[in-house]
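Structure record follows, encoded as structure tokens.
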Amino acid sequence: MPVWILSDRFKKMIYTARSLSRVLLFDDVRESIIRVCRKIVPDVGSKDLDTDRTGHADFSLKLFRLSGKPDFDQLKENIVITLRNEIYVDSVTVEGNYLNIKVKDLSYLDIMDTSIKEKGVFPDTFQDPERVLLEHTSTNPTGPIHIGRSRNSIVGDSLSRVLKRYGYRVSTQYFVNDTGKQVMGLYLGYRKSKERIVDIPHLLEGYRNVYREIEEDKGKEKEIEALIKKYESGDPAVVREVREICTVMLKGIISSLARIGIKIDDYVWESGFLKSEEMNDVLSALSERIKTENDAQFIELSNGSKVFLRRADGTSLYTLRDLAYHKFKSLNYDWLIDVLGEDHRDYAKSLNEILQEMVNLRSKISFVFYSFISLDSGKMSTRSGNVVTLDELIEKAEQNALEIVKSKRPDLPDDDLHKIASAVAVSAIRFQIAKISLGKELVFKWSEALNLEGDSAPYIMYSYARTTKILKEARVDGNMSTVFDKYESSLIRKLYLYPYSLQAAKDGLRVDPIASYVLELVRSFNDFYNNCRVVGSGEHEVKRAKIVSIYRHVLKDASYLLGITLLDEM
RNA sequence: GGGCACGUGGCCUAGCCUGGAUAGGGCAAUAGCCUCCUAAGCUAUAGAUCAGGGGUCCAAAUCCCCUCGUGCCCGCCA
């Protein structure tokens, strides 16, 4: 017999708030409190109600702003009385200039449990009709992807998962640069090599040689320019070979990304836009504004800066190809999101102005910028060889994790050890990047990258493994106690806050709020774990098993967004 | 030189958008905790002029201005 009988009662009483967001569906207690307050003081805003972090309450209504009102005391009293009548409200107290509201543990638990039981998910969402195209990574196929660029991939991938989770229809794309100087430099290196071997090490060596030569003699760039011309004029041999070389490089990048669980939906080749309809559309939209300077074509922006579209020899520049690409994207998507390095900030601003004001793109465009990751030895660069590639990092991380798991679990067979080590390594890499807000520059340090304690993925994974064991042994059916101690209480509260962090992530196009949230959640669970025995806890057992199972659910949900692989045993 | 971003204990970081009750975590350090659901965990101690200065405000890490430091951009590169 299910003892979870309060659901219907609460469901009827609590306002299902869609106003917090269009696509997250859950019984939003916070929204409901604001609604109640507004009945009495219409100008109470969302800002006046804090989600309290100080431990005084669940939600705090700040009275500073209201205290100027002539009938303040009466209003305050009315709010208190009205809130106390809400079915989900446990207590309302006035402390100084704060009105502290506590919600019933059972209310929270019931909201989450009902959602999971009925919808299979908390919070539930409905499908937003907006189609989102998220472009990320798009690194030049001139070498293996390095850890600096992988910040783009990791954040981009998690962001796409967040938006999907939130209810958007999301596709991801990688814009493959197979046109322009860098790639032609790569191709030139290949042509100059004796053996003409198309594999990554040989190509990379040729590429580095070319740029070494150019550094000594700038005149050597002419060779690249000549190749660009040949390529853009459609010389079949050149086109074929460039595609072949880029494909080899791209395959390397794709397989590196796959190792950390990233799969991009579509790869769109830049060369495809050279003579495309989208290119024509862009050019005709801009035709009135195009000016020339020594035969090179440019347009002028509102701030007076020049943006060049074509070289004097008629070959295209990146901006032009990218404009065509964005035009292409806008045909099928309502919201375009580009994840770009911070070096692209000004570029994106220009691109945006051209697209919105001159090409009149219909889609909404957002840019997400990330700061660079550098090494102790300075800036990362594929050409100079001062890089740590993603593959190197993965390999070392796996090795490191394997040693640790071997020492901790000598009882496990080799297969399991490798499985665990791999999940730990990949999750740790992703989490370490995802948890840092994008504006921070990072200096990569091996000691930090390989540390698996504290605010790390294994910390999260470990707590999940604990839940597996608990739920395997705990009694989950029967009468449920409805008395909650402080550890249960704070874990329940933390769980309930999950939708708010999803909201923060979506609003800011960030993934670090989810990471911060998960760490807080796990800490709260550990507190609970260390103080509340579940298995064999008598009257508490069913209730605690319920809390653990909701925890497990939310943890799984959030971990997926961050690319953390959870294991039942580790 | 101009523009943009960042600056929080020795190190890394959350909080800043939307000002409000003791600035949360982690690493490193010290002292403890496995006859009890996995110690990749937990507890305790120590450690913060929230870069500096000014301003607004009843109230500033948070908003505004100035200064300093770091990174990035200012290409007929991408």
Side-chain angles (χ1 to χ4, degrees), chain A residues 45-48 50 52-57 60 62-65 67 95-98 100 138-140 142 177 179-183 185 221 224-225 270 293-298 303 305-306 308-313 315 317-319 321-322 341-347 349 369 371-372 374 379 401 404-405 407-409 424 428 435-443 445 447-448 451-463 465-474 504 507-508 512-513 515-516 519-520 522-523 526-527 529-537 544 548 569-570:
Chain A
S46 181
K47 278 184 246 174
D48 295 313
D50 274 351
D52 188 78
R53 291 176 174 277
T54 62
H56 289 81
S60 294
K62 293 182 276 190
L63 300 172
F64 303 92
R65 220 168 49 78
S67 60
E95 291 166 59
N97 261 321
Y98 293 92
N100 288 329
S138 298
T139 178
N140 285 349
T142 50
N177 172 252
T179 313
K181 272 191 184 170
Q182 273 85 338
V183 163
E221 277 205 21
I224 292 181
E225 283 161 24
E270 200 176 301
E293 183 179 284
N294 305 325
D295 289 338
Q297 296 180 343
F298 69 94
N303 65 5
S305 65
K306 292 173 183 175
F308 282 86
L309 303 177
R310 286 189 194 280
R311 298 187 182 88
D313 66 4
T315 55
L317 287 161
Y318 176 70
T319 309
R321 302 187 298 264
D322 204 21
E342 62 170 341
D343 54 335
H344 280 60
R345 281 196 134 97
D346 288 345
Y347 168 79
K349 214 174 163 187
F369 299 104
S371 295
F372 291 130
S374 60
K379 206 174 154 177
I404 292 172
V405 69
S407 72
K408 288 184 189 293
R409 297 300 303 272
V424 164
K435 73 175 176 181
I436 307 290
S437 67
L438 290 175
K440 299 262 188 185
E441 304 146 25
L442 297 179
V443 179
K445 295 191 185 84
S447 61
E448 283 172 19
N451 179 33
L452 303 178
E453 288 169 6
D455 288 352
S456 68
Y459 178 74
I460 295 158
M461 298 165 71
Y462 194 67
S463 88
R466 283 172 158 175
T467 66
T468 306
K469 189 69 166 290
I470 292 173
L471 293 178
K472 211 153 71 183
E473 295 175 11
D507 283 348
D512 54 297
S516 298
L519 285 174
E520 281 178 33
V522 173
R523 254 188 285 285
N526 283 341
D527 238 16
Y529 180 86
N530 287 307
N531 293 285
C532 305
R533 172 98 198 162
V534 181
V535 178
S537 61
R544 288 180 177 166
V548 170
E569 191 182 1
M570 63 186 283

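Chain identifiers are assigned alphabetically (A, B, ...) following the order of the sequence lines, protein sequences preceding nucleic acid strands; residue numbering begins at 1 within each chain.
- Among the atoms of the strands shown, base atoms are found under 4.0 Å from some heavy atom of A:Tyr347.
- Ranking B:G71, B:C76, B:C37 by closeness to the A:Asn294 side chain, first place goes to B:C76.
- Side-chain nitrogen and oxygen atoms of A:Arg345 include none within less than 4.0 Å of the OP1 or OP2 phosphate oxygen of B:C74.
- When distances run from any side-chain atom of A:Phe372 to the nucleotides B:C36, B:C72, B:C77, the shortest one goes to B:C72.
- In this structure B:C16 sits in no base pair that meets the Watson-Crick or G-U test at under 3.5 Å.
- B:A51 and B:A61 have their P atoms separated by 10 Å, with the value rounded to a whole Å.
- Side chain of A:Lys435 to backbone of A:Leu519: no donor-acceptor contact under 3.5 angstrom is found.
- Residue A:Asn177 places its side chain closer to B:A78 than to any other of B:U22, B:A40, B:A78.
- No side-chain donor-acceptor contact under 3.5 Å links A:Thr142 to the backbone of A:Val183.
- Between A:Ile436 and A:Asp512, the closest side-chain pair of non-hydrogen atoms is not below 4.5 Å.
- In this structure, A:Ile470 reaches the bases: a heavy-atom distance under 4.0 Å links it to at least one base atom across the strands shown.
- For B:C63, the paired nucleotide is B:G55, the pair qualifying as Watson-Crick or G-U wobble because both relevant distances are below 3.5 Å.
- Here OH of A:Tyr529 is found 10.0 Å from OG1 of A:Thr467. Values are rounded to the nearest 0.5 Å.
- For the pair A:Glu569 CD and B:A40 P, the computed distance is 13 Å after rounding to whole Å.
- In this structure, A:Asn451 atom CG and B:A28 atom P are separated by 6 Å, rounded to whole Å.
- Contact of the A:Arg466 side chain with the A:Asn526 side chain is registered, since non-hydrogen atoms from C-beta on lie closer than 4.5 Å.
- Across the strands present, B:U22 finds no partner; the criterion is a Watson-Crick or G-U wobble pair with both atom distances under 3.5 angstrom.
- The interatomic distance linking A:Arg311 (CZ) with B:G75 (P) rounds to 15 Å, in whole Å.
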Where do N or O atoms of nucleotides 6-11 of chain B meet protein N or O atoms at under 3.5 Å, pair by pair?
{"from": "B:G7", "atom 1": "OP1", "to": "A:Lys440", "atom 2": "NZ", "distance (Å)": "3.1"}

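- When atom types are taken as modelled, the side chain of A:Asn451 and the backbone of A:Ser447 share no donor-acceptor pair closer than 3.5 angstrom.
- Interatomic distance, A:Asp50 CG to A:Asn100 CG, rounded to the nearest 0.5 Å: 10.0 Å.
- In this structure, A:Arg65 atom CZ and B:A59 atom P are separated by 18 Å, rounded to whole Å.
- Distance NZ (A:Lys408) to C1' (B:C34): 13 Å, rounded to an integer number of Å.
- The NZ atom of A:Lys62 sits 7 Å away from the P atom of B:G19 (whole-angstrom rounding).
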Filtered N/O pairs between nucleotides 41-44 of chain B and protein, under 3.5 Å:
{"from": "B:G41", "atom 1": "OP1", "to": "A:Gly454", "atom 2": "N", "distance (Å)": "3.2"}
{"from": "B:G41", "atom 1": "O3'", "to": "A:Asn526", "atom 2": "ND2", "distance (Å)": "3.2"}
{"from": "B:G41", "atom 1": "O2'", "to": "A:Arg466", "atom 2": "NH1", "distance (Å)": "3.2"}
{"from": "B:G41", "atom 1": "O2'", "to": "A:Arg466", "atom 2": "NH2", "distance (Å)": "3.4"}
{"from": "B:C42", "atom 1": "OP1", "to": "A:Tyr459", "atom 2": "OH", "distance (Å)": "2.8"}
{"from": "B:C42", "atom 1": "OP1", "to": "A:Asn526", "atom 2": "ND2", "distance (Å)": "3.2"}
{"from": "B:C42", "atom 1": "O4'", "to": "A:Asn530", "atom 2": "ND2", "distance (Å)": "3.4"}

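- Minimum atom distance to the side chain of A:Asp346 is reached by B:G3, of the listed B:U13, B:G3, B:A40.
- Between A:Glu569 and the options A:Lys469, A:Lys472, A:Arg409, a salt bridge (charged side-chain N to carboxylate O under 4.0 Å, His left out) holds for only A:Arg409.
- Nucleic acid contact for A:Met461: none, since no nucleic acid atom lies under 4.0 Å from a heavy atom of the residue.
- The separation between A:Phe369 atom CZ and B:G3 atom P is 18 Å, rounded to whole Å.
- At a threshold of 4.0 angstrom between heavy atoms, the contacts of A:Glu293 include nucleobase atoms, whether or not backbone atoms are also involved.
- At a cut-off of 3.5 angstrom, counting only N and O atoms as typed in the model, there is a donor on one side and an acceptor on the other between the side-chain of A:Ser60 and the base of B:A21.
- Rounded to the nearest 0.5 angstrom, A:Ile460 CD1 and A:Asp455 CG are separated by 8.5 Å.
- Only the C1' atoms considered, B:C27 is 15 Å distant from B:A46, to the nearest whole Å.
- Nucleotides B:C33 and B:C50, compared at atom P, are 38 Å apart to the nearest Å.
- Of the nucleotides present, B:C27 is the one that pairs with B:G10 by Watson-Crick or G-U wobble criteria, both distances under 3.5 Å.
- Dense packing is recorded around NZ of A:Lys62, with more than 12 heavy atoms of other residues, nucleotides or ligands lying under 6.0 Å away.
- On the P atoms, B:G25 is 12 Å away from B:C42, given to the nearest whole Å.
- Annotation: B:C63 and B:G19 have their P atoms spaced 9 Å apart (nearest Å).
- Nucleotides B:U45 and B:A23 have their P atoms positioned 15 Å apart, rounded to a whole Å.
- A gap of 22 Å separates the C1' atoms of B:C16 and B:C11, to the nearest Å.
- In this structure, of B:A78, B:C37, B:A21, it is B:A21 that holds the atom nearest to the side chain of A:Asp52.
- Nucleic acid contact class of A:Asn531 (heavy atoms, under 4.0 Å, all strands): none.
- Position along RNA chain B of the nearest nucleotide to A:Lys47 versus A:Lys181 favours A:Lys47 as the more 5'-ward residue.
- Among the heavy atoms of the strands, none lies under 4.0 Å from A:Val548.
- Defined by atom type and a distance below 3.5 Å, a donor-acceptor pair is missing between the side-chain atoms of A:Tyr318 and A:Asn177.
- For B:C34, the base adopts the syn conformation, since its glycosidic angle falls within 90 degrees of zero.
- Note: A:Ile224 CD1 to A:Lys181 NZ = 7.5 Å, rounded to the nearest 0.5 Å.
- Residue-level contact check: A:Gly180 touches the backbone only, with heavy atoms under 4.0 Å from sugar-phosphate atoms and none from bases.
- Here A:Arg321 lies in heavy-atom contact (under 4.0 Å) with sugar-phosphate atoms only.
- As the counterpart of B:C4, B:G71 is assigned, both hydrogen-bonding distances of the Watson-Crick or G-U wobble pattern falling under 3.5 Å.
- Comparing the same atom, C1', in B:G10 and in B:U56 gives a spacing of 35 Å after rounding to whole Å.
- Put simply, the side chain of A:Asp48 gets close to the backbone of A:Gly45: a donor and an acceptor are under 3.5 Å apart.
- No side-chain donor from either of A:Ser537 and A:Arg533 sits under 3.5 Å from a side-chain acceptor of the other.
- As a whole-Å value, the separation of A:Lys379 NZ from B:C72 P is 5 Å.
- Between A:Lys469 and B:C37 there is no side-chain polar atom (N or O) within less than 4.0 angstrom of OP1 or OP2.
- Nearest-nucleotide positions on RNA chain B for A:Ile436 and A:Val424 put A:Ile436 closer to the 5' end.
- When both pairing distances are held under 3.5 Å, B:G32 makes a Watson-Crick or G-U pair with B:C42.
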